[in-house]
Student: 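My questions will all concern the structure given below.
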Amino acid sequence: KPLRSLTAFEAAAGKLKDRAVSRRQTVGPVMRRRAAQLGLCWNATSGLDPMSSSSAYRGLVDKHFDLYTDAMRFKFAVAFLHASKAGGTSFCALSYENDCRDPIFGNGTSGSSWRWNCWSRTHGDGPVWTTLPSKWAPGSRKDPRNGWWAVSEPSAFRSPRASSCLALEQEVLKRETTFLMNENWLPPEGLCQRFMNVALFRDPLRRFISHRNYLKVLRSPLPVQVSDFVRLAPVISNNYYVRVLAGESAFFSGLGNVTGLHLAAALDQLGALDLVLTLEALDTHGPVLIRRGLGWERNKVLGLNRRSKSRDADLPLDAKGEALWRAHNALDLQLYERAAELAELDYEFFRQVHISAEASAGAWPDEHFWKMSPSSAEDPGVDCKHTCGYACHLRVGPAEETW
């Protein structure tokens, strides 16, 4: 509803804050994004910055941020949903810069294992780009899918025994992992609730063009026509984002078989992500989202968007090819539009957090915003064995009791 006065704005902010306090155990990304939306609405109505014009709104933002950091502190690790050719590899490398531990940290190779994209090998979390049968032997250079991470069936890549949140959580605890990436479909439960769930999306058309260019770099017998590409690799060229978020059955659906029901399931998972980013806005929004949203102090992803654009010029689509691609990806375009909206709301919320932090320097310890030690006033005497930004792996108290 239009906010016709400062009184109405402050009343709405107070109501949202009261709801957050009364439902602190169930406050999630939906309510946090409503707080951001309220601020944007006030700015659009009045032209004023919400943080400077209303103490009630400042209280709302501070309360939601307290609830956010407290909730993230109960997460074992950061789980990054890695859409192929959307910038995820850079985030894997960035995780090492921020002292996170990937799934193969224990064997002493994490310093260079960003090349493996922080996947869990046990759980088969590397990319799958096509499952179409081929007359050629696996790995044959004559196979036009060569270099496309092709598998004959889902179980050949990720065993059912390893396809659950519980199995993944057990591995994370055993190997003391604090950051991991999944570059294929979500487990049956959807997003694993014991992890801080983050995803980076890219304009679907640009992502597709980048994928074709990458296969050219791999010297794969790349189909020139989009129709051939779609036929050989429907996973990555026919509503890829929807397939990833809607789970295994959607992921391996045949060409044209991803439906509106799959989109609805994917949108539910999208809205449940703790943090959403887009590659297109990463240069401008990244510093705030990485520092205040993830709790990471170091940021080396700036300029990634500009570099990606220059590479994507190598193999553009003609008008006919783009029209065919759009016909096969209408659902992905809808999903990305919503992802961009959520990313903007996440940025707006954490931008307000950043303003509050800068304005009140010294009022709170800076660690409160992106470190998990010292502990918060609401959770005294608790430290973490390992951290990855806000995520706290193995909570321990003064007596070293594991929680």
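Side chains are part of it too, since the values below use all heavy atoms of this structure and drop only hydrogens, waters and symmetry mates. Starting from 1, each residue takes its place in the sequence as its number.
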Student: Among all residues two or more places apart in sequence or in another chain, which pass the side-chain hydrogen bond (donor to acceptor under 3.5 Å, both in side chains) test with Y241?
Tutor: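 side-chain hydrogen bond (donor to acceptor under 3.5 Å, both in side chains) check on Y241 returns nothing, list empty.
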Student: Below 4.0 angstrom, N of the basic side chain to O of the carboxylate: do K385 and E176 qualify?
Tutor: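 E176 and K385: salt-bridged.
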Student: Considering all heavy atoms of both residues, which atom of A246 and which atom of A250 are nearest to each other, and what is their separation?
Tutor: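 Closest approach of A246 to A250, heavy atoms only: CB-CB, 3.6 Å.
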Student: Residues two or more places apart in sequence or in another chain: which of them pass side-chain contact (heavy atoms from CB on, under 4.5 Å) with L255?
Tutor: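 Listed in chain order: V230, P234, N238, H328.
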Student: Quick one, L38 and L40 - any side-chain contact, counting heavy atoms below 4.5 Å?
Tutor: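 Heavy-atom side-chain distance check fails, nothing below 4.5 Å.
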Student: Under the side chain to side chain contact (heavy atoms under 4.5 Å, CB included) criterion, do E10 and Y57 qualify, and how do the steps go?
Tutor: CA-CA 7 Å; E10 294 200 318; Y57 187 75; over 6 Å; no
Student: For W185, is there any backbone N or O sitting under 3.5 Å from a side-chain donor or acceptor partner on N182?
Tutor: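 Side chain of N182 to backbone of W185, a donor-acceptor pair under 3.5 Å: yes, one is there.
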Student: Between Y96 and C118, what is the shortest heavy-atom contact and its length?
Tutor: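 Minimum heavy-atom contact is OH-SG, 3.5 Å.
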Student: Should S164 and E169 count as side-chain neighbours, where that means a heavy-atom distance under 4.5 Å?
Tutor: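 A side-chain contact is absent here, since even the closest heavy-atom pair is not under 4.5 Å.
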Student: Quick one: side-chain contact (heavy atoms from CB on, under 4.5 Å) partners of T7, sequence neighbours excluded?
Tutor: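 In terms of side-chain contact (heavy atoms from CB on, under 4.5 Å), with neighbours along the sequence ignored, T7 is linked to S5.
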Student: Decide side chain to side chain contact (heavy atoms under 4.5 Å, CB included) for I209 and L317; before the verdict, give the C-alpha distance in whole Å, the side-chain angles of both, and the deciding distance to 0.1 Å.
Tutor: CA-CA 7 Å; I209 293 173; L317 297 183; 4.1 Å; yes
Student: Look at the aromatic rings of H386 and H393 and report parallel, tilted or perpendicular, splitting at 30° and 60°.
Tutor: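 Ring orientation, 0 to 90° scale: tilted.
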Student: If only atom types and distance count, is the side chain of R292 paired as donor or acceptor with the main-chain N or O of A357 below 3.5 Å?
Tutor: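 Flag not set: sc R292 to bb A357 has no pair under 3.5 Å.
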Student: Can you spot which of F195, F91, W296 makes a ring-ring contact (aromatic ring centres under 6.0 Å, His included) with F80?
Tutor: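 The single option meeting the ring-ring contact (aromatic ring centres under 6.0 Å, His included) with F80 is F91.
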Student: Hey, does the side chain of E297 reach the backbone of G295 with a donor-acceptor pair shorter than 3.5 angstrom?
Tutor: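 Absent.
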Student: So, taking the atom named NE2 in H354 and the one named OH in Y347, what distance separates them when rounded to the nearest 0.5 Å?
Tutor: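 Rounded to the nearest 0.5 Å, the NE2-OH separation comes to 9.0 Å.
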Student: Of all heavy-atom pairs between S253 and V258, which one has the smallest distance, and what is that distance?
Tutor: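 So the two residues come closest at CB-CG2, 4.3 Å.
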Student: State, to 0.1 Å, how close R243 and V235 come at their nearest heavy-atom pair, and which atoms those are.
Tutor: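 Nearest pair, atom of R243 first, then V235: CD-O, 3.4 Å.
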Student: Ignoring hydrogens and angles, tell me if any N or O in the side chain of N239 forms a donor-acceptor pair with the backbone of V242 under 3.5 Å.
Tutor: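 Side chain of N239 to backbone of V242, a donor-acceptor pair under 3.5 Å: no, none is there.
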Student: When you measure from the side chain of D203 to the backbone of L205, do you find a donor-acceptor pair of N or O atoms at a distance under 3.5 Å?
Tutor: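 Judged by distance alone, yes, a pair lies under 3.5 Å.
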Student: Does the distance from a Lys or Arg side-chain N to an Asp or Glu carboxylate O, for D228 and R231, drop under 4.0 Å?
Tutor: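 A salt bridge is present here (some side-chain N lies under 4.0 Å from a carboxylate O).
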Student: Do you see a donor-acceptor pair shorter than 3.5 Å between the side chains of W42 and S53?
Tutor: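 Yes - a donor-acceptor pair under 3.5 Å links their side chains.
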Student: Who are the side-chain contact (heavy atoms from CB on, under 4.5 Å) partners of D49, not counting sequence neighbours?
Tutor: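 Result, side-chain contact (heavy atoms from CB on, under 4.5 Å) vs D49: M51, S52, R351, Q352, I355.
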Student: Might you point out which heavy atoms bring L200 and G88 nearest each other, and give the distance in Å?
Tutor: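 Scanning both residues completely, I find the closest heavy atoms to be CD2-N, 4.3 Å.
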Student: Please check: side-chain N/O of H262 versus main-chain N/O of T259, any donor-acceptor pairing under 3.5 Å?
Tutor: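 Side chain of H262 to backbone of T259: a pair is present.
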Student: Compare all side-chain heavy atoms of V276 with those of R33 and state whether any distance is below 4.5 angstrom.
Tutor: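 V276 reaches R33 side chain to side chain.
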Student: Could you tell me if K75 sits above the aromatic ring of Y390, with its cationic atom closer than 6.0 Å to the ring centre and no more than 45 degrees from the axis?
Tutor: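 No; the conditions do not both hold, so K75 does not lie above the ring face of Y390.
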Student: R338: which residues meet the side-chain contact (heavy atoms from CB on, under 4.5 Å) condition with it, sequence neighbours left out?
Tutor: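 With neighbours one apart ignored, the set is L267, L270, E341, L342.
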Student: What's the verdict on ring-ring contact (aromatic ring centres under 6.0 Å, His included) for F229 and F208, showing C-alpha distance, side-chain angles and the deciding distance?
Tutor: CA-CA 10 Å; F229 195 103; F208 174 73; 5.1 Å; yes
Student: Using only atom types and a distance under 3.5 Å, with no angle test, would you say the side chain of N197 pairs donor to acceptor with the backbone of D274?
Tutor: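 Here the side-chain-to-backbone pair does not exist.
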Student: Just jot down the side-chain hydrogen bond (donor to acceptor under 3.5 Å, both in side chains) partners of Y240, sequence neighbours excluded, or say none.
Tutor: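 Y240 satisfies side-chain hydrogen bond (donor to acceptor under 3.5 Å, both in side chains) with S84 only.
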Student: Quick one: does K320's side chain get under 4.5 Å of L324's, heavy atoms only?
Tutor: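 They are not in side-chain contact.
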Student: Rounded to the nearest 0.5 Å, how far does CD of Q37 lie from CD of E344?
Tutor: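 Rounded to the nearest 0.5 Å, the CD-CD separation comes out at 11.5 Å.
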Student: Quick check for you: to the nearest 0.5 Å, what is the distance between R207 atom CZ and R212 atom CZ?
Tutor: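 Spacing of CZ (R207) from CZ (R212) equals 12.0 Å.
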Student: Donor-acceptor pair, S54 side chain versus P50 backbone, under 3.5 Å?
Tutor: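 Flag not set: sc S54 to bb P50 has no pair under 3.5 Å.
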Student: Quick check: do L273 and F201 have side-chain heavy atoms less than 4.5 Å from each other?
Tutor: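 Result yes, sub-4.5 Å side-chain heavy-atom pair found.
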Student: Specify the closest pair of heavy atoms between V78 and V198, including all atoms of both residues, with the distance to one decimal.
Tutor: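 Distance-wise, the nearest heavy atoms are CG1-CG2, 4.1 Å.
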Student: Can you check whether W325's main-chain N or O pairs, donor with acceptor, with N329's side chain at less than 3.5 Å?
Tutor: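 Between the backbone of W325 and the side chain of N329 there is a qualifying donor-acceptor contact (under 3.5 Å).
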Student: Can you tell me how far the SG atom of C388 sits from the CG atom of L294, to the nearest 0.5 Å?
Tutor: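 So the SG of C388 and the CG of L294 are separated by 7.5 Å.
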Student: Would you please test T387 and D99 for side chain to side chain contact (heavy atoms under 4.5 Å, CB included) and show each step?
Tutor: CA-CA 8 Å; T387 62; D99 302 320; over 6 Å; no
Student: State, with a plain yes or no, whether a side-chain heavy atom of E97 is found less than 4.5 Å away from one of L94.
Tutor: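 Yes. Closest side-chain heavy atoms under 4.5 Å.
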Student: Roughly how far, to the nearest 0.5 Å, is the OG atom of S356 from the CG atom of D62?
Tutor: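 The CG atom of D62 sits 4.0 Å away from the OG atom of S356.
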Student: Roughly how far, to the nearest 0.5 Å, is the CZ atom of R206 from the OH atom of Y336?
Tutor: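 Between atom OH of Y336 and atom CZ of R206 there are 10.0 Å.
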Student: Using a 4.5 Å cut-off on heavy atoms from C-beta on, say whether the side chain of S210 contacts that of R202.
Tutor: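 Yes, their side chains come closer than 4.5 Å.
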Student: Would you tell me whether H64 and R32 have side-chain atoms, one donor and one acceptor, within less than 3.5 Å of each other?
Tutor: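 Not at all, the side chains of H64 and R32 share no donor-acceptor pair under 3.5 Å.
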Student: Would you say the side chains of T177 and D102 form a donor-acceptor pair under 3.5 Å?
Tutor: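 There is no such pair between these side chains.
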Student: Does any part of the side chain of L245, heavy atoms only, come nearer than 4.5 Å to the side chain of L335, both counted from C-beta?
Tutor: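 In short, these two side chains touch, coming nearer than 4.5 Å.
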Student: Any sub-3.5 Å donor-acceptor pair from E189's side-chain atoms to C165's backbone N or O?
Tutor: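 At least one qualifying donor-acceptor pair exists.
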